[in-house]
Amino acid sequence: MKKGILQIILGNIIYLLISTLINLVLPKFMTLESYAVLKTYILYINYAGLFHLGIIDGIYLKYGGKDISEVQKSECKTDLTGLILLSLFFAFIILGMGFMASSEILMAYSIGIISFNTLGFFKNFYSAVGLFGKYSWILSCEIIVVFFCYLLLIYIGIDDNAIPYIANRVAVLCILCLFCYFSLELHKVNINEIKNVIENIVDNIKQGILLMLGNFATVCFSGIDRWVVLLFINKRAFAIYAFAVSMEQIVNAFISPVTLSMYNYLCKYTDYHRIKVIKNLVTCWGFLLIILGFPTQYIVNMYLPKYKEAIGLIFVLFAAMAIHTVIKGVYLNIYKIERKQKVYFKQMITMLVIAVLLDLAFYGIFRNMISIAIATFIVSLIWLIICEFKDRRLRYGIKEILAIVALSCMYLFCGTMGNPFLGFCFYLVSFVLIVSLLMKDARHIFFEYIFSVLRIKK
């Protein structure tokens with residue numbers, strides 16, 4: 001698992017660096033209005049997963065824990081064919097709507113559905129069978145090519161039209177899908193070997209529909225705060241809030257390796273004592289990663305002063321991500337492994353309703369963006385509490401609960417200091433002390449692992 005995590009971390013570091021450049025360069029050169037349009041499209045494309053009706057999730061469950069040598073290429077191509085046919089069906093409907101409405105965004109979205117879901121198929125497949133190196137390569141290549149195309153558009157002088165930027169993203173995904181197709185040598189599979197496509201589609205949907213709906217609810221859940229800002233405030237506020245959310249990629253680059261590789265790992269090991277130790281390690285990891293909020297604060301202060309309003313949002317949203325690390329890395333992976341799709345789906349619907357009500361209530365009372373971010377953080381805590389009550393085998397002890405409360409409060413306090421360097425140092429010292437005092441079972445393993453990673457030279 002360690003090698004898999006490091007491979008994904010490497011890809012995510014590249015993704016992080018390039019994404020950070022994109023998220024700093026685009027706001028600087030694009031107008032607020034065009035940047036808001038681009039971010040709106042990105043918000044929309046996150047919902048494209050609804051149109052595969054659970055096929056990708058069914059495939060993920062089917063291949064989870066298997067070795068690539070155990071997978072038949074004909075079976076893989078049959079799965080892919082079914083996905084593409086279903087995506088084409090929905091794409092043509094949306095394309096027709098785009099022509100009727102003369103909407104370039106809808107036209108791009110129709111193609112984006114196909115490329116987004118197809119690349120999602122390959123990413124999930126590589127992750128499920130433990131090919132983390134290839135997963136990492138796709139992630140890195142995607143963002144690098146997108147970045148250089150963005151630079152070209154900026155160089156040409158396109159700063160007030162988001163459509164070329166949207167078209168660039170769609171084209172890059174299409175090219176990567178073709179590369180993955182040939183890389184897996186699926187083109188060598190004879191068409192006669194592809195059988196029972198419709199039956200295969202139905203089986204994969206049955207297996208994955210609840211997980212897909214749960215994942216879709218997760219996307220809705222993670223985007224509800226932006227929807228509130230977009231619908232109830234204005235485009236300028238949305239651009240600022242979307243910028244704060246985009247900064248989450250800095251932390252997510254180091255969270256994704258854990259959540260992705262953990263599924264493959266937990267498929268093979270079911271010792272709950274071991275899993276509980278891992279859960280505490282994941283908790284430490286999440287609260288260590290959010291220290292990246294302080295360098296982010298420095299960068300915004302120095303180079304993007306027009307987005308200073310986003311600093312407070314960034315700290316609150318980063319704190320919520322520390323909680324999400326535990327939920328996504330441990331609990332959601334266990335639900336998938338134990339085939340508890342119904343539990344996962346019901347839980348996500350509950351959380352979605354709570355998120356909508358709390359975000360609207362906080363905005364209705366306080367009428368500002370920071371209240372929406374705070375509501376998002378509170379919802380994350382509620383979600384963790386629900387997970388804790390659902391599974392007694394993995395519950396935190398009193399000391400771990402105190403550690404989470406102390407780390408959350410200390411982080412938000414340090415974020416209000418105004419000085420990124422002092423905040424960074426103060427939080428780091430607090431983190432080491434709190435983990436050492438309240439999470440003794442995990443501290444030795446955690447710090448030993450961190451130091452071993454730092455010592456790796458290859």
Side-chain angles (χ1 to χ4, degrees), residues 45-97 109-129 131 173-174 177-178 180-181 184-220 263-264 267 332-349 352:
I45 201 64
N46 287 331
Y47 298 94
L50 177 66
F51 297 104
H52 65 69
L53 301 182
I55 289 180
I56 292 178
D57 300 286
I59 290 166
Y60 187 67
L61 294 173
K62 179 194 292 186
Y63 297 121
K66 290 185 178 181
D67 189 84
I68 185 64
S69 60
E70 301 175 52
V71 179
Q72 295 182 354
K73 291 179 182 178
S74 59
E75 184 181 13
C76 185
K77 189 165 182 176
T78 301
D79 291 329
L80 178 61
T81 302
L83 171 66
I84 292 175
L85 288 174
L86 190 64
S87 297
L88 281 169
F89 172 75
F90 288 112
F92 278 121
I93 294 174
I94 295 173
L95 183 62
M97 294 169 58
Y109 187 65
S110 65
I111 304 172
I113 287 172
I114 303 171
S115 59
F116 183 86
N117 285 335
T118 304
L119 194 62
F121 168 88
F122 289 116
K123 285 180 178 179
N124 275 16
F125 176 79
Y126 287 141
S127 176
V129 299
L131 294 177
L173 292 187
C174 290
C177 288
L178 288 173
C180 292
Y181 179 80
L184 285 172
E185 298 183 340
L186 298 182
H187 62 289
K188 294 182 179 180
V189 178
N190 193 293
I191 193 169
N192 296 326
E193 298 180 58
I194 303 175
K195 299 177 180 179
N196 303 319
V197 174
I198 302 301
E199 182 181 336
N200 190 270
I201 291 173
V202 174
D203 287 342
N204 283 327
I205 289 175
K206 285 181 179 178
Q207 289 294 320
I209 184 82
L210 287 178
L211 183 57
M212 181 277 295
L213 290 173
N215 288 336
F216 180 71
T218 302
V219 174
C220 294
Y263 177 75
N264 187 269
C267 281
L332 297 192
N333 276 324
I334 288 176
Y335 291 158
K336 294 174 187 176
I337 292 165
E338 296 181 350
R339 297 296 193 268
K340 293 182 177 179
Q341 290 96 315
K342 290 184 179 179
V343 174
Y344 174 52
F345 176 64
K346 289 178 181 178
Q347 192 175 107
M348 281 314 311
I349 295 299
L352 181 60

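Separating the CZ atom in Phe121 from the OH atom in Tyr126 is a distance of 9.5 Å, to the nearest 0.5 Å. One finds the CD1 atom of Ile56 at 11.5 Å from the CD1 atom of Ile205 (value rounded to the nearest 0.5 Å). With rounding to the nearest 0.5 angstrom, the CD1 atom of Ile55 is 7.0 Å from the OG atom of Ser87. With rounding to the nearest 0.5 angstrom, the CG atom of Leu85 is 10.5 Å from the CD1 atom of Ile114. Residue Thr78 holds its OG1 atom at 12.5 Å from CG of Leu83, rounded to the nearest 0.5 Å.
Of the possible donor and acceptor atoms, one in the side chain of Asn117 sits under 3.5 Å from a partner among the backbone N and O of Ala48. With hydrogens and angles disregarded, no donor-acceptor distance shorter than 3.5 Å links the side chain of Thr118 to the backbone of Ser115.
Counting all heavy atoms, side chain and backbone alike, Ile111 lies closest to Cys174 at CG2-SG, 4.2 Å. Closest non-hydrogen pair, Tyr109 versus Tyr47, comes out as OH-C, 3.9 Å. When all heavy atoms of Leu86 and His52 are compared, the closest pair comes out as CD2-O, 3.5 Å.
Taking the side chain as every heavy atom from C-beta outward, Tyr335 and Gln347 approach each other to under 4.5 Å.
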Pair Phe89, Phe51 - check side chain to side chain contact (heavy atoms under 4.5 Å, CB included), show working.
CA-CA 9 Å; Phe89 172 75; Phe51 297 104; over 6 Å; no
Starting from the C-alpha separation in whole Å, work towards a yes-or-no answer on side chain to side chain contact (heavy atoms under 4.5 Å, CB included) for Leu80 and Phe125.
CA-CA 10 Å; Leu80 178 61; Phe125 176 79; over 6 Å; no
